[in-house]
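Read the structure below first, then the notes.
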Amino acid sequence: MQLTKDAAAAASAQDDLRRQMDGGDTQQFITFRIGDEEYGIDIMVVREIKGWAETTMIPNAPSHVRGVINLRGVVVPIFDLRARFGMGLTETTRMHVVIIVATGKRIVGLLVDAVSDIISVSPSAIRPVPEMGLPANDHFLEGLVALDDRMVTLVALSGLFGQQAAPAGGHAPDGDGSDAQKAA
Amino acid sequence: MAKRILTVDDSKTMRDMVSYTLRKAGFEVNEAEDGKKALAVLAGGRFDLVITDLNMPVMDGITLIRNVRAGSQHRGVPILILTTEADGVKKAEGKAAGATGWLVKPFSPDKLVDVVQRVCP
Amino acid sequence: MNPLAQFRQTYFEECAGLLEEMQAGLEALADGAGDDETLHAVFRCVHSIKGGAGVFGFDALVAFSHLFESLLDQLRDHRVPPNRDVLQVLLHAGDALADIVAAARDDATLPEDFAADVTQSLRALLEGTSAATPAPHTPHPTEASQPGERHRYRIVFTPRTELLERANEPLLLIRQLQRLGDLAVAADTSRLPRLDVMEPEAAYLKWIFTLDTGAAEGSIRDVFEFVEDDCDLTIERVAPASTDAAVAVEAAPPPKGTGEAPIAHTVLAQSIRVDVEKLDRLVNLVGEMVITQAMLTEESQTLPTDRYPSLIKGIEALAQNARELQDSVMAIRAQPVKSVFARMPRVVRDLAASLGKEARIVMTGETTEIDKTVIEQLNDPLTHMIRNALDHGIEPPEERVKAGKLRVGTIHLAAAQRSGRIIIEVSDDGRGIDRDKVLAKARERGLVAPGTQPGDDEIDNLIFLPAFSTAETISNISGRGVGMDVVKRNVQSLGGRIDVTSKFGSGSRFVMSLPLTLAVLDGMVVSVGRQTYIVPLTAIIESLRPKAADIHRVVGRGDVLALRGEYVPLTYLHRCFAIDQAITDPCRGIVTIVQSEGAGRVGLVIDQLLGQQQVVVKSLEANYERVEGISGATILGNGRVALILDVARLNESANGSRSAPANEWFDADALVTA
């Protein structure tokens with residue numbers, strides 16, 4: 001279960017070829033599963049795919065932050081997408097998979113159940129996410145794609161990590177609240 | 001096996017010159033820039049000779065000699081002090097602290113090797 | 001050609017540093033900010049310059065530095081008073097020395113009467129002390145031994161125990177004598193005691209030598225040069241030897257073959273420009289290598305030594321090389337502090353203008369090099385210290401004039417490398433710390449226990465306590481909570497220390513000491529539950545396993561540990577970080593006493609100490625965010641990430657919130673069902 005940059009590059013070359021053939025600009029997604037649902041993520045942001053390995057816990061982090069790992073000398077945080085999507089913590093096994101993605105200047109890992117496929121999608125095939133009367137927090141959902149009998153939810157990293165520019169944590173000098181005081 | 005010498009001086013020029021000259025003469029040379037570092041280096045291995053300057057920051061040469069002589073590992077190792085001609089007093093002070101001999105600065109490479117060989121053949 | 005000529009460049013590079021340090025020291029002395037150690041340092045600088053000058057035969061430089069050094073020596077011995085005139089002479093001498101060094105470097109000839117007045121002043125001051133020692137001469141080996149007539153000498157040599165204690169060796173002396181001619185040796189063993197009472201390290205033998213030699217008696221005495229005070233020695237010429245003049249004897253030891261040493265071809269500095277990113281990558285790679293090596297070393301310790309001797313030896317050699325490689329690479333990345341210092345004059349100008357004050361900034365040691373990781377972190381604390389000096393130190397011009405000072409205040413910014421750390425000093429000639437006021441304020445705020453009288457140093461250091469500000473009206477410059485406590489916290493989180501000394505009415509001096517790099521740090525590896533953390537060694541005072549009787553609960557304040565009459569608050573790491581399966585009873589785990597925020601000490605309760613280790617510091621923020629109580633991460637020998645504790649902040653977060661820090665870029669509230 002190793003999909004490397006090379007594979008991505010090969011896929012991308014294939015994509016170019018297809019683009020030339022049908023004149024449309026299709027986009028490639030790597031699809032992965034969480035539970036029974038299938039999601040897709042832009043292949044261009046995927047750096048590599050790794051098997052799950054134990055992480056180092058980050059103190060007082062939200063539950064979906066599963067800790068950090070050593071990726072060839074770089075400290076990379078791992079996010080549990082199941083937890084992020086509000087479906088509880090993933091019960092990790094050796095079969096679980098971490099997708100290493102690059103977003104902006106950050107490298108992060110996404111814990112998912114399994115990686116399933118690479119799909120090419122033309123923009124016209126992407127359906128908007130239907131309004132479901134929920135708070136508009138779905139900015140990381142890019143759209144839905146119907147593939148034969150399956151439905152893939154496309155996830156936009158830019159939406160997931162959209163507010164990264166804001167300095168995280170409560171250390172900004174103008175921060176009123178200072179987490180240090182709250183729970184005293 | 002080559003004899004191992006530790007040269008202690010806060011002046012890099014001096015250390016470089018002493019090391020260069022002694023290495024050329026077939027010695028193995030380590031360096032330290034003050035007495036305290038010298039003690040640390042000494043603790044980490046066996047040396048056959050220590051050559052030390054007297055005026056150094058952190059720990060001066062006299063204190064270094066006293067410490068070496070008070071310890072067990074290198075108490076029997078010859079120690080040469082580097083001194084200037086005007087320092088007759090320093091010579092005596094070094095000697096009293098336990099120095100084996102001295103070398104008057106400035107010295108020629110031959111003189112250095114000669115003196116070293118006198119105490120550490 | 002002197003084979004040591006190749007060290008000329010090193011010498012002049014070193015001189016540049018020494019001159020800078022000397023200047024800074026002299027200025028400090030002249031400003032009254034220096035102490036004995038400053039004087040010693042200045043002496044050492046001049047002394048080192050002289051030492052090297054002798055080697056290269058820079059006679060003028062030797063002569064002048066000798067004179068200069070002699071005066072400094074007299075000052076050290078308090079035989080010359082450090083009054084204004086003397087200090088002025090020293091300052092001039094410093095300038096002259098710099099010029100003479102420059103002339104020597106550039107092979108320039110200085111006019112005959114160069115610095116004649118300074119030389120004259122130095123002489124005059126020295127004459128008053130009868131310490132006008134003649135300048136030493138550059139080496140002129142006088143061993144032009146003329147093989148004269150052959151004589152027989154009888155030498156009686158009785159070593160004393162001191163001779164052996166000082167590591168002189170009679171055998172070597174005998175060998176040297178042998179080189180002078182034909183030697184007959186007899187040992188007198190009459191003083192040798194019975195074996196059972198013999199002191200193994202005492203000297204009991206007496207030697208009688210008969211030496212037939214053409215060398216002069218002086219050459220024989222020279223053999224005993226080092227030991228003449230540690231032995232009884234008589235040398236006398238005796239009845240004529242059977243003068244066999246046909247046997248020519250080498251009187252002097254054969255010269256060592258150093259004649260063909262390579263000559264320094266170029267004295268030009270050779271350097272190349274390298275992209276910083278490439279260097280960073282190199283530093284990272286070397287860091288990785290050190291980690292891998294640590295892992296190998298760890299693994300190799302489980303191997304039977306006798307079965308894999310060369311493997312184990314190889315791993316040891318690798319460890320050594322890796323360490324040296326790392327040091328070398330770090331040295332390449334070092335930069336002069338100039339880049340940060342250069343921004344400070346502007347800060348002074350702008351702020352002085354807005355405060356209606358007049359001030360100048362003097363900088364020394366800008367070429368001191370430190371790793372760029374530290375340089376990057378230096379700007380904020382430095383700016384703040386400069387602002388503080390201007391805001392609270394330097395008085396308005398009128399007030400200065402009234403106090404008999406120059407209208408224009410001076411802020412001195414200095415950097416120097418000392419014992420593997422960088423020392424940065426910010427001193428001013430302003431009003432200094434008003435201890436009465438500080439103490440009153442501290443009492444008012446309950447920072448000082450009633451009835452106690454802290455020492456001057458302690459009072460001065462009160463200004464580093466959080467939110468302590470003596471500015472009557474809180475100015476918008478350095479008041480309002482962004483006080484010196486923030487500087488202290490910044491400096492501490494860099495693994496540094498900061499101290500202040502002050503003289504009311506004449507100025508303050510802040511001295512901060514920082515590690516040369518933030519890329520590696522010496523840490524203690526500790527465990528809590530199944531987690532492993534690194535505590536920076538600089539923060540640790542001691543570690544111990546307390547007795548139950550020494551742990552007390554203070555209502556509403558948590559537990560304290562009674563330690564030598566003091567109560568140290570305990571911080572349970574497993575509680576701060578919500579770690580399960582940890583040891584909760586400090587008497588079964590370990591309490592590590594650390595220096596925390598302000599002046600306080602805190603006992604960190606952990607499970608156990610796993611050992612000391614140098615670690616390569618990795619950023620946690622690069623891919624995640626700042627975490628309260630954590631200053632960074634590292635990778636251990638087993639490949640796992642371990643977090644490095646930010647001890648100063650840990651305290652705070654432990655006393656305060658346990659709530660999750662705001663995590664905006666990955667907001668847990670943004671729940672969406674797919």
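Convention: sequence-line order gives letters A, B, ...; per-chain numbering from 1. Heavy atoms only: backbone and side chains are in, while hydrogens, waters and symmetry mates are out.
Proximity to chain B (any heavy atom under 4.5 Å) is shown, for C:Asp229, by neither the backbone nor the side chain. Residue C:Glu165 touches chain B through its backbone alone, counting heavy-atom pairs closer than 4.5 Å. When heavy atoms are compared at a cutoff of 4.5 Å, B:Asp60 does not approach chain C at all. Contacts of B:Val119 with chain C are made by both backbone and side-chain atoms, with heavy-atom separations under 4.5 Å. Neither the backbone nor the side chain of C:Phe12 has a heavy atom closer than 4.5 Å to any heavy atom of chain B. In this structure, chain C has no heavy atom under 4.5 Å from any part of B:Lys36. Contact annotation for B:Leu80: only side-chain heavy atoms (C-beta onward) come within less than 4.5 Å of a heavy atom of chain C.
Using a 4.0 Å cut-off between charged side-chain N and carboxylate O, C:Glu225 and B:Arg118 make a salt bridge.
Residues C:Tyr11 and B:Asp16 have side chains not in contact (no heavy-atom distance under 4.5 Å, counting atoms from C-beta outward). Residues C:Ser48 and B:Met14 are not in side-chain contact: their nearest non-hydrogen atoms beyond the backbone lie 4.5 Å or more apart. Using a 4.5 Å cut-off on side-chain heavy atoms (C-beta onward), C:Phe56 and B:Thr13 make contact.
To the nearest 0.5 angstrom, B:Ile81 atom CD1 is 9.0 Å from C:Phe226 atom CZ. For the atom pair B:Ser11 OG and C:Leu18 CG, the distance stands at 7.0 Å (nearest 0.5 Å). Atoms CZ and CE, on C:Arg8 and B:Met17 in that order, are 12.5 Å from each other to the nearest 0.5 Å.
Surrounding CZ of B:Arg75 are at most 12 heavy atoms belonging to other residues, nucleotides or ligands under 6.0 Å away. Counting heavy-atom neighbours within 6.0 Å of C:Glu37 CD, excluding the residue itself, gives a total above 12. Applying the 6.0 Å contact sphere to CZ of C:Arg323 captures no more than 12 heavy atoms from other residues, nucleotides or ligands.
Among residues two or more places apart in sequence or in another chain, the side-chain hydrogen bond (donor to acceptor under 3.5 Å, both in side chains) test is passed with C:Gln320 by C:Glu324.
Of the possible polar contacts, none joining the B:Thr100 side chain to the C:Asn168 backbone as a donor-acceptor pair under 3.5 Å is found.
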Going through the distances and angles, do B:Lys95 and C:Asp230 end up as a side-chain contact (heavy atoms from CB on, under 4.5 Å)? CA-CA 10 Å; B:Lys95 197 76 207 205; C:Asp230 304 333; 3.0 Å; yes
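Taking both residues in full, the closest heavy atoms of C:His47 and B:Asn55 are given as NE2-ND2, 3.6 Å, listed atom of the first, atom of the second, then distance.
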